[in-house]
Amino acid sequence: MLDTARWTVLAPLLQAATAGRDLLDDTIRRLTPEAVAGEVLREIGDHDVRLDLRFDRRTTSHLCADAEVVITLDLGDAVRGLYGTDERPWPSLAVTTPDPDLDERGIGGWFQDRKGLAESVQELLSALRPAHRDLGELAVEHGSDKWGDLHWYTQHYERHFARLRTEPVRVLEIGIGGYDDPDRGGGSLRMWQRYFRRGLVHGLDIAPKNVTGPRIMTVLGDQSDAEFLDRLGRDLGPFDVIIDDGSHLNEHVRTSFHALFPHVRAGGLYVVEDLQTAYWPSWGGHPEATAGTSMGMLKSFVDGLNQAEVRAPRGEGSYLERNISGISFHHNIAFVEKGLNAEEGGPAFLRTLA
């Protein structure tokens, strides 16, 4: 169904980035150093220095081949810098710079040139070890509407996603943005790619989209097609995070949730944005957010969390009652947690006591 060839390199690499050195090196050998170096280069972009990557006593040169500044690193250290959590100084770093003769500017001019070399070196090393940045800042930088453009969602995302930020997560966002223009949208996908430095980010839209990135995949499809969504979940999941920022039509929100929630990993989250449409009749909503609306669906999950208190005799309950372990509501956005809901209810005799 989908071309996931690059994912077969990225997924195990992201998993191994925080493992011990031996396991990471074995993973690089299995995936091939050439393929791994290719992913490193996609992440860091262009720089005006030469990057020499060493692995198993072999060195390959990348970026600006004729640059006078040469930065040498073990390939494993580059991977750990990009996708790992190790903040120690680079253990394998070597920098080679030109040693020119003094010119008419004298030693002051020489030192000025050296400052420029340091900036080039640090720019590359910073790209190889991205800084931990606030999600609101990333939203503004990448043009996501989740902060400031009618919504103030990133503060809530920070609260719920913080525990996943350094994990090798799989993210699916419904709705890429930009309407029918293939060259518009994708701001949130780029934001998630930088927020989840070890994450694989998937974007689903009903219109073709030309959104690219080192760990971004776009999928063409209709969120109202339950069979398609189920295939998508089986092909690309399980997901740690699913975000519905699609059509916001109530029927579509409900269809997408029921089709995709089974493809959320235990401990993961399903997020529904822009719940104001649950109250708007023109979007399939109702001023009281009744049972047929997206908010009505979410309200029913609250009762499901406590189904053990009302079901007699005790039973397992429905799939959703058993697998929704928490729900958090904020203005126009809800977070549904996937997990086992198996806590026992109170004994039957307590229900009759006054």
Using a 3.5 Å distance criterion without hydrogens, assess whether the side chain of [X] forms a donor-acceptor pair with backbone atoms of [Y].
X	Y	result
D205	A207	yes
D48	C64	no
R197	L82	yes
N306	E309	no
R80	T18	no
D225	E227	yes
N341	E321	yes

If you take all heavy atoms of [X] and [Y], which pair is closest and at what distance?
X	Y	answer
T255	A226	CG2-CB, 4.0 Å
L229	L260	O-CD2, 3.5 Å
K299	E288	NZ-O, 3.6 Å
T293	A289	OG1-C, 3.3 Å
P33	F55	CG-CD2, 3.6 Å
T212	R190	O-NE, 4.2 Å

Please walk me through it: do V241 and L164 pass side chain to side chain contact (heavy atoms under 4.5 Å, CB included)?
-> CA-CA 9 Å; V241 170; L164 299 172; 3.9 Å; yes
Quick one: is the NZ or CZ of K338 closer than 6.0 Å to the six-membered ring centre of Y270, and within 45° of its axis?
->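 Output no; distance or angle outside limits.
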Check [Y] with [X], please: is the shortest side-chain N to carboxylate O separation under 4.0 Å?
X	Y	result
D77	R21	yes
E43	R215	yes
R50	D52	yes
E141	R133	yes
R170	D240	no
K146	E273	yes
R42	E39	yes
D26	R30	no

Looking only at the aromatic ring of each residue, does the gap between the centers of [Y] and [X] stay below 6.0 angstrom?
X	Y	answer
F301	F257	yes
F161	F196	yes
W152	Y157	no
H330	H160	yes
F335	F329	no

L41 vs L63, side chain to side chain contact (heavy atoms under 4.5 Å, CB included): CA-CA, chis, key distance, verdict = CA-CA 8 Å; L41 296 172; L63 298 179; 4.1 Å; yes
Results of side-chain contact (heavy atoms from CB on, under 4.5 Å) for A94 - residues two or more places apart only | T72
For W7, what residues pass the ring pair (Phe, Tyr, Trp, His ring centres under 6.0 Å) criterion, not counting sequence neighbours?
->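 H202.
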How about E251: does its CD atom have over 12 heavy atoms from other parts shown lying under 6.0 Å from it?
->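 Open.
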Evaluate the criterion side chain to side chain contact (heavy atoms under 4.5 Å, CB included) for residue pair F239 and R265; output intermediate values, then yes/no.
-> CA-CA 6 Å; F239 298 104; R265 197 188 308 275; over 6 Å; no
Pairs of donor and acceptor atoms involving the side chains of residues 178-187, under 3.5 Å and at least two apart or interchain, shall be tabulated with distances.
{"from": "D181", "atom 1": "OD1", "to": "D183", "atom 2": "N", "distance (Å)": "2.9"}
{"from": "D183", "atom 1": "OD1", "to": "N210", "atom 2": "ND2", "distance (Å)": "2.9"}

side-chain hydrogen bond (donor to acceptor under 3.5 Å, both in side chains), paired with S126, selected from E123, R129, Q122 = Q122
CA sep, side-chain torsions, deciding dist, call: M297, N250, side chain to side chain contact (heavy atoms under 4.5 Å, CB included) = CA-CA 10 Å; M297 174 187 72; N250 281 253; over 6 Å; no
Any L305 side-chain heavy atom under 4.5 Å of I327 side chain |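 Yes. Closest side-chain heavy atoms under 4.5 Å.
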Student check: side-chain heavy atoms of T27 and L23 closer than 4.5 Å = yes
To the nearest 0.5 Å, how far apart are OG in S144 and NE2 in H151?
->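 Reported value, rounded in 0.5 Å steps: 9.0 Å.
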